[in-house]
Amino acid sequence: MGEADEDEVLLNHVDKYGSRDWSSIRPKGLLQRTGKSCRLHWVNKFRPNLKNGCKFSPDEERVVIEMQAQFGNKWAKNASYLPGRTDNDVKNFWSSRQKRIARILHSSPPPSSKSKSKRNQNKVPCFHNVPPLEIIKEFVLYGFLIKV
DNA sequence: AAGCCTTCCAACCGCGTCATG
DNA sequence: ACATGACGCGGTTGGAAGGCT
């Protein structure tokens with residue numbers, strides 16, 4: 001079954017049974033995926049009013065930063081303040097932003113994130129590849145974070 | 001043109017919580 | 001009260017795509 005077919009089955013199922021009945025999908029033989037996997041896929045791709053494929057606006061970035069400062073890594077909660085964004089979206093956004101800041105500040109990346117490519121391990125972070133405006137922006141945002 | 005590097009995104013995994021029997 | 005199964009969340013990983021050297 002192709003990916004498009006799987007999506008169609010998933011959408012039909014949600015249409016019929018709603019977005020809370022995930023465990024019955026596999027037993028019914030509709031899909032080989034677990035209910036958990038189906039739910040995640042639906043939430044991240046098909047949930048109504050999703051902003052698919054567009055980058056975070058400056059306003060959205062600001063909200064993420066403010067909410068993260070207020071609630072911490074409560075991505076589902078933080079995402080609830082961003083219409084059309086999922087917890088995964090917010091989490092991914094924050095994670096890549098943290099890596100960028102860590103690189104800019106010459107500090108090592110977060111220890112928990114296992115570097116996926118060994119070739120990056122010896123690379124010294126530097127400003128050379130970062131556009132000046134980006135550096136300023138990140139420092140402004142980082143300064144805001146420290147202050148909060 | 002080719003290889004390297006970064007970023008973005010989708011998905012998996014483990015754990016906590018909640019509902020049900 | 002307890003066991004079990006399902007859902008939801010947060011951390012993490014891996015691949016694709018595009019930019020850079």
Side-chain angles (χ1 to χ4, degrees), chain A residues 1-11 13-61 63-139 141-142 145:
Chain A
M1 191 182 280
E3 195 179 321
D5 296 330
E6 285 190 326
D7 288 350
E8 199 181 330
V9 170
L10 191 58
L11 287 171
H13 187 269
V14 173
D15 207 33
K16 268 190 193 170
Y17 304 102
S19 60
R20 293 186 71 94
D21 175 28
W22 303 111
S23 58
S24 71
I25 291 181
R26 191 149 72 162
K28 281 177 183 159
L30 298 173
L31 294 172
Q32 285 310 302
R33 296 178 182 278
T34 62
K36 194 174 179 173
S37 171
C38 291
R39 179 195 151 271
L40 188 70
H41 190 63
W42 183 82
V43 165
N44 288 328
K45 284 190 78 174
F46 300 121
R47 209 176 60 179
N49 307 319
L50 276 189
K51 291 180 187 174
N52 271 333
C54 67
K55 300 189 80 167
F56 275 62
S57 67
D59 275 350
E60 286 177 315
E61 291 187 25
V63 172
V64 173
I65 292 162
E66 285 174 14
M67 293 304 113
Q68 208 281 340
Q70 191 169 347
F71 302 117
N73 295 359
K74 300 295 174 188
W75 306 121
K77 184 170 181 63
N78 294 345
S80 68
Y81 290 86
L82 292 156
R85 299 296 186 185
T86 67
D87 58 337
N88 218 24
D89 287 336
V90 178
K91 189 165 58 178
N92 282 332
F93 168 76
W94 186 259
S95 170
S96 57
R97 183 174 169 280
Q98 287 302 93
K99 283 180 196 164
R100 201 161 61 232
I101 291 172
R103 213 182 56 248
I104 289 171
L105 293 177
H106 281 221
S107 60
S108 49
S112 55
S113 96
K114 202 163 60 181
S115 178
K116 73 176 176 189
S117 62
K118 290 171 193 108
R119 62 187 174 218
N120 290 344
Q121 286 175 351
N122 296 328
K123 186 170 173 71
V124 179
C126 64
F127 293 110
H128 298 163
N129 297 331
V130 186
L133 274 175
E134 284 300 299
I135 295 173
I136 293 167
K137 190 173 145 194
E138 292 295 355
F139 271 104
L141 293 172
Y142 195 76
L145 260 187

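All values below come from the heavy atoms of this structure, side chains included, with hydrogens, waters and symmetry mates left out. The model shown is predicted, which means the values in this text are computed figures rather than measured ones. Within every chain, numbering begins at 1; the chains are lettered A, B, ... in the order of the sequence lines, protein sequences first and strands thereafter.
- Between A/Ile25 atom CD1 and C/dA6 atom P there is a gap of 12 Å when expressed in whole angstrom units.
- Taking the side-chain contact (heavy atoms from CB on, under 4.5 Å) definition, one finds that A/Ser95 meets it with A/Lys99, sequence neighbours left out.
- For the segment residues 71-87 of chain A, the set of residues with a heavy atom within less than 4.0 Å of an atom of DNA chain C comprises A/Asn73, A/Lys74, A/Trp75, A/Ala76, in numerical order.
- In this view, A/Arg26 and A/Thr34 satisfy the side-chain contact (heavy atoms from CB on, under 4.5 Å) rule, not counting sequence neighbours.
- In this view, A/Asn44 and A/Thr86 satisfy the side-chain hydrogen bond (donor to acceptor under 3.5 Å, both in side chains) rule, not counting sequence neighbours.
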Footprint string (nucleotides 9-21 of chain B, 5' to 3'): B base within contact, S backbone only, - free, heavy atoms under 4.0 Å: BBBB-BB------
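- The side chain to side chain donor-acceptor pair (under 3.5 Å) contacts involving residues 73-83 of chain A comprise A/Gln68-A/Asn73, where partners must be two or more places apart or lie in separate chains.
- With sequence neighbours excluded, the residues forming a side-chain contact (heavy atoms from CB on, under 4.5 Å) with A/Ser57 are A/Asp59, A/Glu60, listed by chain and number.
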Watson-Crick or G-U pairs under 3.5 Å in DNA chain B, rendered as dot-bracket with [ ] for crossing pairs and | for another strand: .||||||||||||||||||||
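- Within residues 15-22 of chain A, the residues approached by DNA chain C to less than 4.0 Å at the level of any non-hydrogen atom are A/Arg20, A/Asp21, A/Trp22, in residue-number order.
- Side-chain N/O atoms of A/Ser23 include one lying less than 4.0 angstrom from OP1 or OP2 on C/dC7.
- Evaluation of the side-chain hydrogen bond (donor to acceptor under 3.5 Å, both in side chains) rule for A/Asn92 yields no partner, not counting sequence neighbours.
- The salt bridge (charged side-chain N to carboxylate O under 4.0 Å, His left out) test applied to A/Glu6 returns A/Arg33, not counting sequence neighbours.
- Under the side-chain contact (heavy atoms from CB on, under 4.5 Å) criterion, A/Tyr17 pairs with A/His13, A/Asp21, A/Lys28, sequence neighbours left out.
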